[in-house]
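Here the structure comes first, spelled out in structure tokens, and everything after it is commentary.
What you are looking at is a predicted structure, and each value in this text was computed from that prediction instead of being measured.
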Amino acid sequence: MTLYLPYLLAIVAVLLLDWLAWRRPDRRRLVWRLLASAVAGVSIVLLIFPPSYQRALDPSTAILLTKGYEPDSLNALLQRMGPKPLVYTYQTKAPETIPITDFYTFRQEQPQVQSVHVLGYGLEEQELQALQDIQVMPHLIGMPTGIASVTWPESISLGEPVTVSGQYTLPSADETIIYLRAAGRAQDSVTLKEAGLHTFQLRYTPKQEGRYTYTLVARSSHNTDTLGQVPVQVHPTTKPAVLLVSSFPLFEFKFLKNHLGQLQHRVAMRSTVSKGMYQSEWLNMAQTDLSRITHKLLRQFDVVITEPQALQELSSAERAALQRAVTEDGLGVLTIAGEQLGNRNTAFFTNFQSKRLSQQDSRTARANWITRSTDKAIPASPYTLVSSDAVTGLIEEQSNNLLAAGRRAGWGTVAMTVVPQTFSWQLEGKQGTYASYWAHLLSSVAKQEVREKFWQLAKPQIPQLHQPVTLKLTDYTLDNPVDVPKATVRTTADTTLTGIALQQGVHQPELYEGTFWPQRTGWHVVESQGVEPFYFLVQDSAAWTHQGIQAKREATLQFATQQQRKQTASTTAYTEEQVPVIWFFLLFVLSSGFLWLEEKL
């Protein structure tokens, strides 16, 4: 009561003065003057002694606003909550909030906080470590406008395309062109016209070996935005050794033998002339006995190309040797099938589910694969191969049918194609199509090189300046796993070495991980004794902004999922807040204005 006594005395004094000073016959005008004078007097007192009130708070709960938060989400959350929690901000700004600069300091200053509602993009993994004993409840928003995800191969062989795939969020129907810039100009592009999430794929085939940095750019009617750089290492083309086995001389095998020989592949071909008699040819390799298919012979080759009749004519010992070479040594076997797709004896190599598309002995199809789509029809058998979980499509045709497919068998790959003749491309002068077709098939089927020691980039996908980069070394040759290898990192622009400490994997002793903090942008290389150097590109933190947002979202959601739900007792505290004086100033202005106007009338 003593708090409001000055206000009551002021009102009484003003009313008394007005009654004594202003005696007018018009009682209505007198009443209005008395009320206006009372309001003016009270407003003056309230301006001098502003009142306050108590607001209920929940000291055990807090709201944390991070980058990207939406005010509407904050207001909706506050309306659902009973006693209002305190609202904090981290690396962002908002009215009537408390900024946080360090979470360890926050924990020391606010030990009563038991749960935090996180709005926005979330927090990084190391920031969440300071909140181990706090229940985190995420209310995260989706990915913002622009790149939502993007991938590309870190290395390719010469002749293969660089394929950049991703998703782009377009907020409105503002036409946007995404293009891949390489060799000084735009090489491929895609146009987006409708609002929403779009999937895109851009390709470019490098012409030479080396390390290259391409650029992904988005251009709209408003601006041109450089999304980030695409680093790619182009390695020399691998030339697998090929053994061709046919039941009789075929033009398809003859053309393929000559083509691979011109590319300096080691090639051997065996064609059956009559029962027990074979015609053998060798290119770029020493002559060896091809009359009997043995495990020793097959060790000289990376892929065997054959056809169903030839597989059937092999002895059981030869088929067993071929199967052993696939499962144990990683050999690849490709069967070129015409009308006959195989039988029970050759099931290991020809057991692919198929369906007949034509009642004729042959049909025409348009083949396409990762590097090229043909504009000419190619003869094919009346069958098509069916995709499944275990079968991977290698060559496709219209209606998503498969002209060639492969599946893993032990360490190797067995594959089949229903295109019996591709030499017609050569006869038509389509040398590029023919070369691309066989290069794709051979690289997909041939024996893969076994690496015993190699470096990998564990995380993130795109290294950025002043952000931790985790490098992983795999070494299967260490005799004593206790001896931790030594490694250094340097930029390709200078010779300054930075050592990184490697930690051995607990469950996989052949794995070692180390963390590197880049201080410069550009190409870097990690080196250790006896291991092939590994190159990676460090980009500016402004590039590929989606990566940092995704990392925060995933870290926050995973952190919240791994926590055990705690039942905390609800407590209520009160804080004294002052009523804004602007309202009293407005009342004073309005009442004073009325008194002045009433005098003039």
Side-chain angles (χ1 to χ4, degrees), residues 239-293 297-298 300-314 318-319 322 325-326 331-342 346 349-350 361-362 365 367 378-381 383 394-395 403-406 413-428 430-431 433-447:
K239 295 180 173 61
V242 180
L243 173 61
L244 302 168
V245 180
S246 63
S247 58
F248 58 93
L250 294 172
F251 280 112
E252 178 72 2
F253 281 56
K254 179 181 179 180
F255 274 86
L256 182 57
K257 176 206 66 175
N258 295 334
H259 169 72
L260 296 177
Q262 292 176 356
L263 296 178
Q264 301 304 310
H265 288 259
R266 291 184 295 118
V267 184
M269 184 172 75
R270 189 188 86 170
S271 302
T272 303
V273 178
S274 62
K275 187 173 182 180
M277 296 184 62
Y278 306 101
Q279 176 182 342
S280 301
E281 299 181 59
W282 302 266
L283 294 176
N284 305 318
M285 64 178 297
Q287 295 185 10
T288 185
D289 184 13
L290 301 179
S291 62
R292 181 177 171 80
I293 305 297
L297 172 67
L298 294 173
Q300 303 179 47
F301 300 96
D302 301 308
V303 59
V304 173
I305 300 178
T306 184
E307 38 92 16
Q309 184 64 31
L311 284 173
Q312 188 174 348
E313 292 178 357
L314 293 178
E318 288 179 312
R319 282 196 295 269
L322 189 59
V326 173
L331 180 71
V333 176
L334 172 64
T335 303
I336 300 178
E339 184 176 354
Q340 180 184 2
L341 297 184
T346 63
F349 307 99
T350 60
D361 292 338
S362 64
I378 190 74
S381 76
Y383 298 93
L394 303 179
I395 306 293
L403 294 176
T413 301
V414 292
M416 174 177 282
T417 174
V418 293
V419 180
Q421 296 180 359
T422 58
F423 65 87
S424 58
W425 278 326
Q426 282 203 344
L427 298 178
E428 297 171 1
K430 297 186 175 297
Q431 303 291 343
T433 300
Y434 183 84
S436 175
Y437 175 91
W438 281 108
H440 175 66
L441 273 185
L442 289 178
S443 63
S444 302
V445 178
K447 181 189 301 183

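At distances below 3.5 Å, not a single donor-acceptor pair connects side-chain atoms of Arg319 with backbone N or O atoms of Thr346. Judged by distance alone, the side chain of Asn284 and the main-chain N or O of Gly261 form a donor-acceptor pair under 3.5 Å. When atom types are taken as modelled, the side chain of Gln421 and the backbone of Glu252 share no donor-acceptor pair closer than 3.5 angstrom. Between the side chain of Arg266 and the backbone N or O of Met285 there is no donor-acceptor pair closer than 3.5 Å. Formation of a donor-acceptor pair under 3.5 Å by the Glu307 side chain with backbone atoms of Gln309 is found in this model. When atom types are taken as modelled, the side chain of Thr335 and the backbone of Pro308 share no donor-acceptor pair closer than 3.5 angstrom. When atom types are taken as modelled, the side chain of Thr272 and the backbone of Ser274 share no donor-acceptor pair closer than 3.5 angstrom.
Of the candidates Lys254, Gln431, Gln426, His259 forms a side-chain contact (heavy atoms from CB on, under 4.5 Å) with just one, namely Gln426.
In this structure, CG in Leu441 is found 4.5 Å from CD1 in Ile395, a value given to the nearest 0.5 Å. Once rounded to the nearest 0.5 Å, the distance linking CG of Asn258 with CD of Glu281 reads 8.0 Å. Rounded to the nearest 0.5 Å, atoms CG (Leu297) and CD (Glu318) are 9.5 Å apart. In this structure, Ser381 OG and Ile336 CD1 are separated by 12.0 Å, a value rounded to the nearest 0.5 Å. Here the CD-CZ distance, from Glu313 to Phe248, works out to 9.5 Å after rounding to the nearest 0.5 Å. Rounding to the nearest 0.5 Å gives a distance of 9.5 Å between CG of Leu311 and OG of Ser247.
Scanning all heavy atoms of the two residues, the minimum distance from Thr417 to Ala404 falls at CB-CB, 3.8 Å. Shown here for Ala268 and Leu290, the closest heavy-atom pair between the two residues is CB-CD1, 4.0 Å. Closest heavy-atom contact between His440 and Ser444: O-OG, 2.8 Å. Asp302 and Pro240 make their closest contact through OD2-CA, 3.3 Å (heavy atoms, listed as atom of the first residue, atom of the second, distance). Nearest heavy atom pair, residue Val445 against residue Thr413, reads O-CB, 3.9 Å. Taking all atoms of both residues into account, the shortest heavy-atom contact from Ser424 to Pro379 is OG-CD, 4.0 Å.
Note: Phe255 and Phe423 have parallel aromatic rings, judged against thresholds of 30 and 60 degrees for the angle between ring planes.
With a 4.5 Å cut-off on side-chain heavy atoms, Phe301 and Leu244 do not count as touching. The closest side-chain heavy-atom distance from Pro249 to Ser271 is below 4.5 Å. By the 4.5 Å heavy-atom criterion applied to side chains, Leu256 and Val242 are not counted as neighbours. With contacts defined as side-chain heavy-atom distances shorter than 4.5 Å, the pair Trp438/Leu334 qualifies. Looking only at side-chain heavy atoms (C-beta outward), Arg270 and Gln279 stay at 4.5 Å or farther from each other. Side chains of Tyr437 and Val419 form a contact here, defined as non-hydrogen atoms less than 4.5 Å apart. Side-chain contact between Leu322 and Leu331: present, with at least one pair of heavy atoms (C-beta onward) separated by less than 4.5 Å.
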* Where do Leu442 and Leu260 land on the side chain to side chain contact (heavy atoms under 4.5 Å, CB included) test, with the steps shown first? -> CA-CA 11 Å; Leu442 289 178; Leu260 296 177; 3.7 Å; yes

